[in-house]
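Notes to accompany the following structure.
Since we're looking at a predicted model, the values are computed, not measured.
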There are 2 protein chains.
Amino acid sequence: MYELFFKSFRQKVPLSAEEETQLKRYLTPKKLRKKQYLLQEGDVCKAIAFIEKGALKAYSVDEKGNEHIIQFGLEGWIISDLYSFLTGESATYNIDAIEDSEVLLISKSAHEELLLEMPAYQTFTRLNITGAYLAMQKRLTSIISTPLKEQYTDFIALYPDIVQRVPQHMIASYLGLKPETLSRVRQKIAQK
Amino acid sequence: MYELFFKSFRQKVPLSAEEETQLKRYLTPKKLRKKQYLLQEGDVCKAIAFIEKGALKAYSVDEKGNEHIIQFGLEGWIISDLYSFLTGESATYNIDAIEDSEVLLISKSAHEELLLEMPAYQTFTRLNITGAYLAMQKRLTSIISTPLKEQYTDFIALYPDIVQRVPQHMIASYLGLKPETLSRVRQKIAQK
DNA sequence: AAATAACGTTGATTAAAATCAATAGAAAAC
DNA sequence: GTTTTCTATTGATTTTAATCAACGTTATTT
């Protein structure tokens with residue numbers, strides 16, 4: 001249940017066997033069934049989740065009831081409402097499971113202790129945040145400057161696994177457009 | 001010339017007088033005149049810039065010659081092409097001065113040495129990246145889910161100083177729309 | 001001080017996406 | 001195994017933003 005986490009950790013930062021044992025104590029495994037919430041809007045995000053298995057999504061719901069997907073998460077990714085986690089304010093979005101999933105939770109207190117006690121963890125955290133930042137910047141640039149068709153083809157190229165596993169209307173939401181529009185974009189791409 | 005940097009540092013992480021002296025050695029001050037490049041597309045981003053004074057912008061230019069502003073920077077902010085800085089690949093965007101400005105540069109080698117040698121700097125970096133990440137997430141969410149009018153009023157509320165100092169067409173570009181469109185949005189807001 | 005460039009606005013037209021509505025197939029629930 | 005929900009597509013219409021173009025104003029240059 002912990003394999004992927006430590007594999008992914010070691011790809012970024014060296015980790016001794018003792019550190020692994022120590023670190024493991026701070027991790028709480030949790031299984032989620034499809035549609036089950038990991039975090040619900042209004043609650044405080046009490047943990048960061050590393051995804052060992054499955055697929056999750058983070059999304060907000062507007063006044064009209066429309067979902068806006070902010071982030072997908074697959075195996076090996078980390079998902080949370082970072083703002084809520086860090087500030088202790090209530091979450092502005094929901095996180096739930098798209099498929100049956102397994103995650104490892106790192107609680108706020110665990111996170112803080114690890115940052116102080118284990119330099120490797122501080123580095124791991126910095127690298128994770130940096131990676132997430134760069135990915136988001138790429139996405140933002142794409143939304144601002146790229147025409148729709150390319151945006152979708154870029155998405156397919158970048159996340160082929162998500163395209164396989166996630167319903168289209170969720171991808172539409174992620175791209176900031178309506179399911180009908182995405183359907184038409186796909187149609188035009190196919191025509192060529 | 002270094003006041004703001006250390007003030008801003010101390011707001012995040014405690015810093016002894018010796019550490020300050022040590023840290024100062026790694027900083028290179030640089031003055032920029034309006035329109036002067038800090039970084040040009042194609043070059044490698046060799047330094048992170050802390051803005052002591054003035055205003056800068058990071059932007060890409062598409063095939064049609066349209067600028068797409070990715071980030072503004074004012075006093076106390078940090079600006080760079082982080083991807084290029086970290087990977088050593090050539091930058092995909094430009095950074096230049098909107099006004100005459102003064103920045104403190106932290107070179108790649110300085111950054112790496114400081115990360116290893118000064119724990120306070122590692123923490124400072126982590127907090128900066130986290131802050132930048134959260135700000136970008138907010139922006140992304142706004143673009144995906146908020147209608148235009150609110151997007152602009154949100155922007156005004158969030159960055160009143162930028163609205164004061166930066167030409168409208170740059171703000172339009174930042175919001176991902178044309179100057180004419182922003183002008184019309186403003187007109188409608190004013191009518192009420 | 002004159003010339004040039006940058007900026008913001010307005011109008012008319014075109015292009016793009018949202019909305020409303022209906023349908024059919026696939027998956028899940030009972 | 002049937003019903004119900006979820007999903008993707010298509011069509012017609014409305015709304016929204018981009019485009020093309022022109023103009024007056026303010027800043028910069030020289």
Side-chain angles (χ1 to χ4, degrees), chain A residues 32-36 54-55 57 59 61-69 72 96-101 142-153 155-156 162-192, chain B residues 32-36 54-55 57 59 61-69 72 96-101 142-153 155-156 162-192:
Chain A
L32 294 165
R33 291 210 301 224
K34 187 171 175 174
K35 295 197 178 179
Q36 187 180 340
K57 65 178 197 288
Y59 61 100
V61 181
D62 67 18
E63 324 81 49
K64 295 177 187 166
N66 294 320
E67 289 190 6
H68 299 282
I69 294 183
F72 289 112
D96 67 17
I98 301 175
E99 315 168 353
D100 293 353
S101 303
S142 162
I143 289 181
I144 291 180
S145 58
T146 317
L148 271 192
K149 247 177 290 182
E150 292 171 40
Q151 244 184 82
Y152 181 66
T153 49
F155 183 87
I156 295 173
I162 291 182
V163 177
Q164 294 298 323
R165 286 162 66 175
V166 164
Q168 263 183 49
H169 70 270
M170 291 186 189
I171 294 171
S173 165
Y174 180 88
L175 296 173
L177 41 86
K178 298 291 153 184
E180 297 94 322
T181 307
L182 180 56
S183 174
R184 284 169 181 130
V185 168
R186 283 164 48 82
Q187 184 183 303
K188 284 201 176 171
I189 292 173
Q191 275 173 13
K192 288 193 292 196
Chain B
L32 293 164
R33 292 210 303 224
K34 186 172 175 173
K35 295 198 178 177
Q36 187 180 340
K57 65 177 197 288
Y59 61 100
V61 181
D62 67 18
E63 324 82 48
K64 295 177 187 166
N66 294 320
E67 287 190 7
H68 298 282
I69 294 183
F72 288 113
D96 67 18
I98 300 174
E99 314 168 353
D100 293 352
S101 303
S142 163
I143 289 181
I144 291 181
S145 58
T146 316
L148 272 192
K149 247 178 292 184
E150 292 170 41
Q151 242 184 82
Y152 181 67
T153 50
F155 183 87
I156 295 172
I162 291 183
V163 177
Q164 295 299 322
R165 287 162 64 176
V166 165
Q168 263 184 50
H169 70 271
M170 292 187 189
I171 295 171
S173 165
Y174 180 87
L175 295 173
L177 42 86
K178 298 291 152 185
E180 298 95 322
T181 306
L182 179 56
S183 174
R184 285 171 179 129
V185 168
R186 281 164 49 82
Q187 186 182 304
K188 282 201 177 170
I189 291 172
Q191 275 174 14
K192 287 192 294 196

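Between A/Gln187 and D/dT10, a side-chain N or O to OP1/OP2 separation shorter than 4.0 Å is present. Between B/Gln168 and C/dT9 there is a side-chain polar atom (N or O) within less than 4.0 angstrom of OP1 or OP2. A close approach under 4.0 Å does not occur between any side-chain nitrogen or oxygen of A/His169 and OP1 or OP2 of D/dC6. Neither OP1 nor OP2 of C/dG8 sits under 4.0 Å from any side-chain N or O of B/Arg186. The phosphate of C/dA28 (OP1 or OP2) has a side-chain N or O of A/Lys34 nearer than 4.0 angstrom.
A/Glu67 contributes atom CD, which lies 7.0 Å from atom CG of A/Asp96 (distance to the nearest 0.5 angstrom).
The nearest whole Å value for the distance from the NZ atom in B/Lys35 to the C1' atom in D/dT28 is 8 Å. Atom-to-atom, NZ of A/Lys188 to P of D/dT10 comes out at 13 Å; the value is rounded to the nearest Å. D/dT16 atom C1' lies 13 Å from atom CD of B/Gln151, rounded to whole Å. In this structure, the NZ atom of A/Lys178 is 15 Å from the P atom of D/dA8, given to the nearest Å. The nearest whole Å value for the distance from the CD1 atom in B/Ile171 to the C1' atom in C/dA6 is 16 Å. The distance between atom CD1 of B/Ile98 and atom C1' of D/dA27, rounded to the nearest whole Å, is 16 Å. The distance from atom CG of A/Leu175 to atom P of C/dA18 is 11 Å, rounded to the nearest whole Å. Counting to the nearest Å, the P atom of C/dA28 and the CG atom of A/Asp100 are 11 Å from each other.
Of the listed residues (B/Gln168, B/His169, B/Arg184), just one forms a side-chain contact (heavy atoms from CB on, under 4.5 Å) with B/Pro179, and that residue is B/His169.
If B/Leu177 and A/Glu180 are placed on DNA chain D by their nearest nucleotide, the residue sitting closer to the 5' end is A/Glu180.
Within the 6.0 Å centre-distance limit, the rings of A/Tyr174 and A/Phe155 are counted as a close aromatic pair.
At a cut-off of 3.5 angstrom, the base of C/dG8 holds no donor-acceptor pair with the side chain of B/Arg184.
Using a 4.0 Å heavy-atom criterion, one finds that A/Leu182 contacts no nucleic acid atom at all.
With hydrogens and angles ignored, the 3.5 Å screen pairs a side-chain donor or acceptor of A/Asp100 with a backbone N or O of A/Lys34. A donor-acceptor pair is defined here as one N or O able to donate and one able to accept, closer than 3.5 Å; no such pair exists between the side chain of A/Ser142 and the backbone of A/Gln151.
The side chain of B/Thr181 has D/dA18 as its nearest neighbour among D/dA18, C/dA18, D/dT10.
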